[in-house]
Amino acid sequence: QVQLVESGGGLVQPGGSLRLSCAASGSIFSIDAMGWYRQTPGEQRELVATITSGGFANYADSVKGRFTISRDNAKNTVWLQMNSLKPEDTAVYYCSAKIRRSVTLNLADYWGQGTQVTVSS
């Protein structure tokens, strides 16, 4: 079993900051890319940011310069620092990771349960 557990969501005023955390645990041999996605009601889930095991980060244009993704490979943890938040950042944020559970198994996608981020005055 593999679990991704997110934390750090909540209500924040426009211009404020939040930091999301996601820790992977369970039967893990290795983790490739990790990332954050978000979804609003009636919309498709969209990529926010991803980061490779080597630390290469990729961002959606809408969050470049405001959000920073980072990870600690030893702790199987990824963070998303969100600054200068806007009402349009309001969504459920999901953590994702490509995980290999053993040397003989292929990489598989795993998802967290989601954490609500609401940006409102």
Side-chain angles (χ1 to χ4, degrees):
Q1 287 277 37
V2 172
Q3 279 190 317
L4 299 182
V5 179
E6 300 136 335
S7 61
L11 173 66
V12 63
Q13 291 187 341
S17 297
L18 281 175
R19 190 188 196 209
L20 305 182
S21 298
C22 172
S25 62
S27 179
I28 297 172
F29 176 76
S30 64
I31 302 179
D32 195 340
M34 302 183 81
W36 292 94
Y37 294 73
R38 65 188 182 187
Q39 189 171 23
T40 55
E43 300 292 330
Q44 287 192 333
R45 194 170 295 186
E46 65 173 6
L47 180 146
V48 176
T50 60
I51 185 168
T52 67
S53 57
F56 179 79
N58 180 57
Y59 297 94
D61 287 344
S62 59
V63 307
K64 281 181 181 176
R66 299 189 297 121
F67 291 10
T68 302
I69 189 170
S70 60
R71 66 187 283 178
D72 184 328
N73 292 333
K75 296 180 179 179
N76 292 338
T77 299
V78 62
W79 295 273
L80 185 67
Q81 178 66 44
M82 305 185 292
N83 299 329
S84 302
L85 282 160
K86 305 175 181 180
E88 51 263 43
D89 294 318
T90 295
V92 177
Y93 283 70
Y94 295 90
C95 171
S96 176
K98 293 186 180 294
I99 295 174
R100 190 187 306 275
R101 293 181 57 194
S102 77
V103 68
T104 59
L105 294 176
N106 294 328
L107 286 168
D109 290 325
Y110 291 87
W111 293 87
Q113 79 284 358
T115 185
Q116 177 70 46
V117 171
T118 302
V119 184
S120 175
S121 54

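This is a predicted model, so every value here is computed, not measured.
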Between Val117 and Met82, does the side chain to side chain contact (heavy atoms under 4.5 Å, CB included) criterion hold? Intermediate values first, please. CA-CA 10 Å; Val117 171; Met82 305 185 292; 3.9 Å; yes

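- Residue Gln3 places its CD atom among 12 or fewer non-hydrogen atoms of other residues, nucleotides or ligands, all under 6.0 Å distant.
- There is no side-chain donor-acceptor pair under 3.5 Å between Thr118 and Ser120.
- Atom-to-atom distance recorded for Gln1:CD and Arg101:CZ is 6.5 Å, nearest 0.5 angstrom.
- In this structure, Glu88 places its CD atom where more than 12 heavy-atom neighbours from other residues, nucleotides or ligands lie under 6.0 Å away.
- Hydrophobic clustering of Ile, Leu, Val, Met, Phe, Trp and Tyr side chains at less than 4.5 Å, counting indirect connections, unites Val12 with Leu20.
- The backbone N or O of Val119 sits less than 3.5 Å from a side-chain atom of Thr90, completing a donor-acceptor pair.
- In this structure, the separation between OG on Ser102 and CD1 on Ile28 is 12.5 Å, given to the nearest 0.5 Å.
- When the side chains of ILVMFWY residues are joined at heavy-atom separations under 4.5 Å, either directly or via intervening members, Val92 and Met34 end up in two distinct hydrophobic clusters.
- Of the residues listed (Trp111, Tyr93, Tyr94), the one engaging Tyr37 in a ring pair (Phe, Tyr, Trp, His ring centres under 6.0 Å) is Trp111, and it is the only one.
- In this structure, OG1 on Thr52 lies 7.0 Å from CZ on Arg71, to the nearest 0.5 angstrom.
- The shortest side-chain heavy-atom distance between Cys95 and Trp36 falls under the 4.5 Å cut-off.
- Tested against Asn76 for a side-chain contact (heavy atoms from CB on, under 4.5 Å), the candidates Ile31, Leu4, Val2 yield a single pass: Ile31.
- Ser62 contributes atom OG, which lies 4.5 Å from atom CZ of Arg38 (distance to the nearest 0.5 angstrom).
- Here the closest heavy-atom approach between residue Leu85 and residue Arg66 is recorded as CA-NH1, 3.9 Å.
- Atom CG in Leu107 sits 4.0 Å away from atom CZ in Arg100 (nearest 0.5 Å).
- Ionic pairing of Lys86 and Asp89 is not present here: no N-O contact between side-chain nitrogen and carboxylate oxygen is shorter than 4.0 angstrom.
- Considering CH2 of Trp79 and CD1 of Ile69, their distance stands at 11.0 Å, rounded to 0.5 Å.
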